[in-house]
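What you see below is based on every heavy atom in this structure, not just the backbone, and it leaves out hydrogens, waters and symmetry mates.
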Amino acid sequence: MATTAFQHTIGTGGVHGCCDGLGSRQGFVNFPAKTVSKTFGFDVGLLRRGSCRTSFQNLSVIQASSSQSSVADQVLSPSNNEKSEPKKKSNEAALILIRHGESLWNEKNLFTGCVDVPLTKKGVEEAIEAGKRISNIPVDKIYTSSLIRAQMTAMLAMTQHRRRKVPIFTHNENEQSRKWSEIYSEETKSQSIPVVAAWQLNERMYGELQGLNKQETADRYGKEQVHEWRRSYNTPPPNGESLEMCAERAVAYFTEHIEPQLQRGKNVLIAAHGNSLRSIIMYLDKLTTEEVISLELSTGVPMLYIFKEGKFIRRGSPVSPTEAGVYAYTRSLALYRQKLDEMN
């Protein structure tokens, strides 16, 4: 199936991806061609204020309107201008998706699944870089999986946020945990961001493959069998989950708990995993089962959606604070990026 590759080159930093059972290529977020044409269009790009770079001067550009306030306007505001924060429309909210940074088992090429493995040094750096890219986007609530690599990514990313609010995990396991973690200062509450950890956002459970080396598993069971376990939509590995099973729990949680927050105008950050995020993107972009299996997400690369009038609009990946804006890549730019990669 043909796919269109989008390299999210943000600011001056390079983007590096790794694999967590998905085989992601470095520096890429791949979207099915059907979705690209439907969501972005082939001739419209929303770029930073001012002229675009010389290499891209032939692109068709629509600049963000300065006459109306929106989530995009808040992204466009300078990172050092703490007082200038335009009022957001009540019917518009930002949704940020981040796949966790590289984990220790990503580095070792092991199937990770639901095993609770922390980030590598590179993963920590990826999380911090992701935080810089979303530092101008307001965040009212954070959702992570119950796994440490996703939680580390969210916490490290928020250390870069210009509003300097403190992310605080909510504990609603029982009455005692709720009472013991209660905050009694309203001022402190106003400077905090609630964080919810949900197992439903966990990575796909890889069953008996968890902890196995991917290459050794392919040698043992055959490349075709392992490819089917990893790439098919409804074929689970032994005693594990298929992507379909992962999508059932992740999307159900999203629609029941996260989407209502967006409907109320809350800006939400989700730090999760390749397969749980693919499942959510499948719902947001109305992908088919054939399209979603071709979708690849790099570690530590934030994706921005705008929720407006009941619809999700993909805006690509936010740029760094030094070039504040929102990118929506055109087909021409995507092809240009591909040519640059082929030359390097």
Side-chain angles (χ1 to χ4, degrees), residues 1-8 17-41 95-100 106 111-114 143 145 150 198 200-207 209 214 224-237 240-256 258-259 262 270-305 307 311-317 328-329 331 334:
M1 176 180 297
T3 60
T4 301
F6 289 81
Q7 181 177 11
H8 294 281
C18 62
C19 173
D20 189 4
L22 290 176
S24 299
R25 290 179 294 173
Q26 287 194 343
F28 278 85
V29 180
N30 289 352
F31 292 96
K34 175 183 175 183
T35 309
V36 172
S37 61
K38 177 175 65 176
T39 308
F40 285 147
L95 171 64
I96 306 165
L97 308 178
I98 305 179
R99 182 187 173 195
H100 65 81
N106 290 145
F111 284 102
T112 309
C114 287
Y143 290 87
S145 74
Q200 292 91 336
L201 299 176
N202 282 9
E203 178 58 288
R204 171 184 169 193
M205 201 275 280
Y206 269 92
L209 300 187
K214 293 171 185 175
E224 291 185 4
Q225 178 62 74
V226 173
H227 181 79
E228 184 177 7
W229 286 334
R230 296 177 63 184
R231 283 298 187 183
S232 67
Y233 183 70
N234 54 14
T235 302
E241 282 185 308
S242 63
L243 179 56
E244 180 180 29
M245 296 162 70
C246 178
E248 286 178 359
R249 59 173 165 83
V251 174
Y253 185 86
F254 180 88
T255 56
E256 182 178 352
I258 301 176
E259 193 166 354
L262 296 164
I270 303 176
H273 308 265
N275 282 292
S276 55
L277 289 177
R278 282 205 299 168
S279 301
I280 291 172
I281 291 172
M282 180 182 182
Y283 169 75
L284 300 178
D285 289 344
K286 297 179 173 59
L287 304 183
T288 66
T289 56
E290 289 78 15
E291 289 171 327
V292 74
I293 62 176
S294 299
L295 180 63
E296 297 180 353
L297 303 178
S298 294
T299 53
V301 179
M303 288 298 301
L304 174 64
Y305 285 79
F307 181 76
K311 296 181 180 180
F312 290 96
I313 305 167
R314 176 153 32 87
R315 291 301 192 196
S317 188
Y329 285 90
R331 184 171 184 269

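Here Arg99 contributes atom CZ and Glu203 contributes atom CD; the two are 7.0 Å apart, rounded to the nearest 0.5 Å. Atom CG of Leu304 sits about 9.0 Å away from atom CG of Leu97, to the nearest 0.5 Å. For the atom pair NE2 (His100) and CG (Asn106), the distance works out to 5.5 Å, reported to the nearest 0.5 Å. Between Arg278 atom CZ and Ile293 atom CD1 the span is 8.0 Å, to the nearest 0.5 Å. Here the CG-CD distance, from Leu95 to Glu259, works out to 9.5 Å after rounding to the nearest 0.5 Å.
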List the steps, then state whether salt bridge (charged side-chain N to carboxylate O under 4.0 Å, His left out) holds for Arg230 with Glu296.
CA-CA 12 Å; Arg230 296 177 63 184; Glu296 297 180 353; over 6 Å; no

Carefully, step by step, assess Thr289 and Met282 under the rule side-chain contact (heavy atoms from CB on, under 4.5 Å).
CA-CA 8 Å; Thr289 56; Met282 180 182 182; 3.8 Å; yes

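No option in Ile313, Leu262, Leu284 other than Leu284 meets the side chain to side chain contact (heavy atoms under 4.5 Å, CB included) test with Tyr305. Of the candidates Asn275, Leu201, Asp285, Leu201 is the only one forming a side chain to side chain contact (heavy atoms under 4.5 Å, CB included) with Ile280.
Shown here are the side-chain contact (heavy atoms from CB on, under 4.5 Å) partners of Gln225, two or more places apart in sequence or in another chain: Tyr221, Glu228, Trp229. Here Glu241 pairs with Arg204, Met205, Met245, Cys246, Arg249 under the side-chain contact (heavy atoms from CB on, under 4.5 Å) rule; sequence neighbours left out.
Taking both residues in full, the closest heavy atoms of Leu287 and Val292 are given as CD1-CA, 4.2 Å, listed atom of the first, atom of the second, then distance. Residues Asn202 and Ser145 approach most closely at OD1-CB, 3.1 Å, considering heavy atoms. The shortest heavy-atom contact between His273 and Ala150 is NE2-CB, 3.8 Å. Ser242 and Tyr233 make their closest contact through CB-O, 3.6 Å (heavy atoms, listed as atom of the first residue, atom of the second, distance).
Relative ring orientation between Phe312 and Phe254 is described as tilted, the plane-to-plane angle lying within the 30° to 60° band.
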